[in-house]
Structure formats: C-alpha cells, structure tokens
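Sequence lines set the chain letters: A, B, ... in the order given, protein chains first and strands last, and positions in each chain run from 1.
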2 protein chains.
Amino acid sequence: MTRYEHPTRILVAIDCIIFGFDGEELDLLLIKRNFEPEKGKWSLMGGFLNETEDLEKGAERILYDLTGLKNIFVEQIGTFGKVSRDPVERTLSVVFFALINIADHDQEAVKAHNANWITLGKKPKLIFDHDDMVRMALEHLRYNAALHPLGFELLPERFTIPQLQKLYEAIYDMKLDRRNFSRKILSTGLLIDTGEKDENSTTKKAGLFRLDRERYQKKFYSFWNFIPNPALPEAL
Amino acid sequence: MTRYEHPTRILVAIDCIIFGFDGEELDLLLIKRNFEPEKGKWSLMGGFLNETEDLEKGAERILYDLTGLKNIFVEQIGTFGKVSRDPVERTLSVVFFALINIADHDQEAVKAHNANWITLGKKPKLIFDHDDMVRMALEHLRYNAALHPLGFELLPERFTIPQLQKLYEAIYDMKLDRRNFSRKILSTGLLIDTGEKDENSTTKKAGLFRLDRERYQKKFYSFWNFIPNPALPEAL
DNA sequence: AAATTATTGTGTACTATTGACACATTCCAA
DNA sequence: TTGGAATGTGTCAATAGTACACAATAATTT
C-alpha cells in the first residue's frame, strides 16, 4: 500500500475516565497500572489503539478488557498530545468519558480486574497527565449535565427524585432546593411515574420514576438552563 | 530510546475549521488540496503533526503556513479516527477550530496562499470526512457562543451592537429582536462604549463598542443562557 | 429647506420562570 | 402514640423574557 511521505507516525493511546455515582458522591473507576513505567501507580483505564480499530471501538474494548463492563455510555472528550506527556515515547492519548450506574453493573467483574471505585474527593494522584484528563472530564460532565438530560446514565433504571437531586448536587458540588428542583425536573416531562415506591427507604418512601426514553431523544436540549450558574471551571 | 512494545504507530493529521464573519454571513476558509489523493478538491486547512510538536503548535503552524495568519483563536474540538477515513493509509485527524475577524487580517496573505473565504451556505463538498468536521465545528460554535462571550473573536476590535446582533443571527440562523438583544448584551457589562460612531453607515450611525477584556475573563460564563433555544444539532 | 427613508436608541406592559419559603403527609422507631 | 426524618405540594415576590411602540439621527430625495 502506498503511504504518505510524511515521516512521523505516532503511538496512540486511549484513556477512559469512568464516572459512577454511589448515591452520595461521584466516583471514578481507577486501576493500578501493571506495566512500566509507573507500574503500581494509580492510573485511568487505558490502552493502545490498534491499527484496524475505530477510536470508539477501542475505548469499548479497553473498558471491557479492564472492567468486564459492556454497553456503557462513552463519549470522546479530547486528545492530549504534549510531546513529553509520556516519558517512554511520544504518545497521543484520545480521552473518552464514560458514565456508569454502579448499582446495575457487575461489581465482581470490576473487582476481578483489579479496578477500584474511588470517590472523586479522595482521588489519589494519577500518572502522567491523567489528573488533567480527569479535570477536563469533570468539566465536560458539568457542561453536559447542565444542558442535557445526561445524569440518568449514572442512575439505575428506576430512581427517585431525591436520588436524582443528590446526583446533581454531587456533580456541581452545590446544594439545590428540594422543592424547586422537583418542580423543574418534572416540568421537563421526561420522567414517568412508575407508581412504585422506593422500598429501601426507612422514612417516607419516595416515588420511583423512570426516564421517558422516547422524549429523551426529542428533548435532548430541554435541560438547557437547568442549572442556574454551574461552577464550571477549575475544581479538584 | 526504549519504546512501548505495542506495534501500531499511526499517522496524525491536524485539520482546521476557520470561521470568519463578513458582516452578513459566516464564512469558512477553505483551500484547494495540492497533493494526491483528491488533489484539486476543496479541503480544510490541514497537515501532518511533527514528531516534536505539540498539537496546538501544530495547528498554529499549519494555519500560518497555509494562510499567513498568526495569533488567532484556536481550540481543539475533537479527533476523527475511522479506520478508512483516509484511503491512502490510516490517519488520525485532530480537529481544531479557529475564529478570525476577516476585516482586521491581511487578505492578501490569505489569497497568496490560495485560500478562499466561502460562505457557509455555499460550502462545496469537501474531501474525506471534512464535511462532518465542519458540522461538528458549527455545533461547537453554537454551543460555545451561547454559553460564553466568544463571538467577539469574529468581530473587529471596535464594533456596533447591530453588527454583533447580525453575527449572532448568522451563527444561529435565526432572527433576534433588536431591542431585547441590545438590552441583554448591555446587561452583561462586557461592552465599553467608545463614544465613537460607525462612520461607514449611510443612515443613523451606530455607536462603536469594544470588549472589556478584563471582565471578559471574569465573566466568561455570563453568556450562559444568552440564546434562548439555540438550534443546536444537525444544520448544514 | 423640508420631507422621506432606513436605521438606531430607549421604554413599557405583559407573561413566564425562578428563588425563597411553609405546611401537610408518610414511614419507621422509640 | 408520638416524634424524627424524609417526601410531596403550594404560595408569593422578584427576576427575566417577550412583544411591542415611539422618538432620534443621518443621508437622500423632493
């Protein structure tokens, strides 16, 4: 096969920031790196892109290989390419971001792969520029959850409004008014009342809702202005 | 130098979508490709990333080489990596998006490099997946101009409010109410009245404003909710 | 020089949305 | 049965958004 004359071909990695929600705080799925350099240090889920593999497929493969998880929400959020970002050789890293609802997924599979859910607030220092990637991913999450009904990806199929509120409070690290939140979320018309109650509760059982998947497509922009003044930048 | 054992290294290109504003419509800076394949066809500004070059530097270099333009606003918007996107060999393309105010820049330099400003509405078909890139860039512009005071990058140093309004109308392909627009834009506190008038006008001369660069930093999030319901997706 | 036309600058009334807050209800446990 | 903790719903004032009307300016026409 003929090739372009340009001399430089570069190693391409894929790194994944995986967010989960444990009901109280945002969690990250991290792994202890099992090869040199920086072996044993905390790292994002990552791997190298194969010659015959699309970027998104690569991200899904890496997620599956390292966690046993399939069919999860992934989205590309950027590419990191500083010349010296990897000490071994120049490596471009295409960064993906994934949202998982912890409850509905197989915890054993995750553990068997040596992956760990770690609360965002307790995140250890990560290798290379992975901290920057996490920062970017959180910013991406904050942007997108303010504009689109994205948070549902982090919740189980059926959820209560107070759960949803806690999720938003975790994402934006702010308190929201219970009554105003409820009014606003219901007015989107995206929630279907299942009529059931959350049996796990020890006080008044909250009603269980589920996402109206049909309207979700049509009203993907309905969250525009959902969060008044999200604390978007910096953080962490 | 030791290298990773992974066998695949990939050619990395950089492509730039350059938006300009001619006072009426959004323009794209396009070029006729001067090498095979697809030689002579319309294309985005592009080139290959060098071994010792950061991504952003590469984008700036390519912009300068192909247009003679320097110091322009660039931002990475994504990476395209479909296995078959380039028929010659697998090539990843990191896509940047740039905003230029046409009036203040050197038109001769642009022409000398065989680059052409083309109205977005009259965009010819582009090579490879460049049409998808333009679509993504427009979406990116629409998102960001609705959330942040980004439009100013497309206007000259001093501009009138009607000019600014026409820019927004071009970006979102919608009409805005003159009076409400004026009220809203002035209430951001980002505009400084220079006291001067636009002498180019043949009717009532509009007042010239300039951006308050200091507040621009501090109020980068003040445009949140500036455009009511931007027509965000599809387009083109 | 007055009238005309096109465009700019400012104001006002009405409606919708937001933010701050109160009260009644449900469930479990003491 | 009573109290604590959480949920569901409602009210009101303030804010912001929408749809308008009218006066002012500059060049051109009569």
Side-chain angles (χ1 to χ4, degrees), chain A residues 23-24 146-147 149 155-156 158-170 172 174-210 219 221-231, chain B residues 23-24 146-147 149 155-156 158-170 172 174-210 219 221-231:
Chain A
E24 293 296 330
L147 303 173
L155 291 177
R158 298 177 311 150
F159 52 86
T160 69
I161 291 183
Q163 277 173 353
L164 189 58
Q165 181 179 342
K166 277 195 175 160
L167 169 60
Y168 274 89
E169 291 179 335
Y172 296 101
M174 71 197 308
K175 282 282 166 198
L176 297 171
D177 183 272
R178 198 166 53 81
R179 295 150 288 192
N180 294 335
F181 181 84
S182 169
R183 173 160 41 106
K184 223 169 169 178
I185 201 89
L186 287 173
S187 76
T188 64
L190 287 174
L191 298 194
I192 297 174
D193 192 339
T194 65
E196 301 157 299
K197 301 276 180 191
D198 176 14
E199 293 300 330
N200 295 325
S201 172
T202 169
T203 60
K204 178 168 182 178
K205 298 176 190 330
L208 285 166
F209 292 80
R210 59 188 181 79
K219 302 199 74 173
Y221 294 88
S222 67
F223 272 39
W224 203 268
N225 202 34
F226 194 77
I227 295 295
N229 285 300
Chain B
E24 293 296 330
L147 303 173
L155 290 178
R158 298 177 311 149
F159 51 85
T160 68
I161 291 182
Q163 278 175 350
L164 189 58
Q165 181 180 340
K166 277 196 176 161
L167 169 59
Y168 274 88
E169 291 179 335
Y172 296 101
M174 72 196 310
K175 282 283 166 198
L176 298 171
D177 183 89
R178 197 165 55 81
R179 296 150 289 193
N180 295 335
F181 181 83
S182 169
R183 173 157 43 96
K184 220 168 171 180
I185 200 90
L186 287 172
S187 76
T188 63
L190 286 174
L191 298 194
I192 297 174
D193 192 338
T194 65
E196 300 158 299
K197 302 275 179 191
D198 178 13
E199 293 300 330
N200 295 324
S201 171
T202 170
T203 60
K204 178 168 182 177
K205 296 175 191 333
L208 285 167
F209 292 80
R210 61 188 179 79
K219 304 199 71 173
Y221 293 89
S222 67
F223 272 39
W224 202 269
N225 202 33
F226 195 77
I227 295 295
N229 285 299

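The OG1 atom of Thr194(B) lies 5.0 Å from the CG atom of Leu208(B); values are rounded to the nearest 0.5 Å. Taking CD from Gln163(B) and CG from Leu155(B), the interatomic distance works out to 6.5 Å, rounded to the nearest 0.5 Å.
As rounded to whole Å, 14 Å separates atom C1' of dC27(C) from atom CG of Asn200(A). In this entry the distance linking CG of Asp177(A) with C1' of dC21(C) reads 8 Å, nearest Å. Atoms CD (Glu24(A)) and P (dA6(D)) sit 11 Å apart, rounded to a whole Å. We find that CZ of Phe181(B) is positioned 14 Å from C1' of dG9(C), with the value rounded to whole Å. Rounded to whole Å, the distance from NZ on Lys175(B) to P on dA19(D) is 15 Å. Spacing between atom CG of Leu191(B) and atom C1' of dT8(C) amounts to 15 Å, rounded to whole angstrom units. For the pair Leu186(B) CG and dA16(D) C1', the computed distance is 16 Å after rounding to whole Å. Put simply, CD1 on Ile185(A) is 17 Å from C1' on dT9(D), counting in whole angstrom units.
Between Phe209(A) and Thr160(A) there is no side-chain heavy-atom pair separated by less than 4.5 Å. In this structure, the side chains of Phe223(B) and Thr188(B) come closer than 4.5 Å at one or more pairs of heavy atoms. Ser222(A) is listed as a side-chain neighbour of Leu190(A), based on a closest heavy-atom distance under 4.5 Å. Using a 4.5 Å cut-off on side-chain heavy atoms (C-beta onward), Arg178(B) and Ile161(B) make no contact. Taking 4.5 Å as the limit, some side-chain heavy atom of Leu147(A) sits within range of a side-chain heavy atom of Leu147(B).
Phe159(B) meets the ring-ring contact (aromatic ring centres under 6.0 Å, His included) test with Phe152(B); sequence neighbours excluded. Arg183(B) is linked by a salt bridge (Lys or Arg N to Asp or Glu O under 4.0 Å) to nothing, counting only residues two or more places apart in sequence or in another chain. Annotation: side chain to side chain donor-acceptor pair (under 3.5 Å) contacts of Gln165(B) (sequence neighbours excluded): Glu169(B).
For the contact set between residues 158-169 of chain B and DNA chain D, defined by any heavy atom under 4.0 Å, there are no members.
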Might you list the N or O atoms of the protein lying below 3.5 Å from N or O atoms in nucleotides 16-18 of chain C, with each pair's distance?
none

Quiz item: In B/S/- notation, 5' to 3', how is nucleotides 21-30 of chain D contacted by protein heavy atoms closer than 4.0 Å?
Solution: B--BBSS---
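The aromatic rings of Tyr168(B) and Phe226(B) sit tilted relative to each other, their planes meeting at an angle between 30° and 60°.
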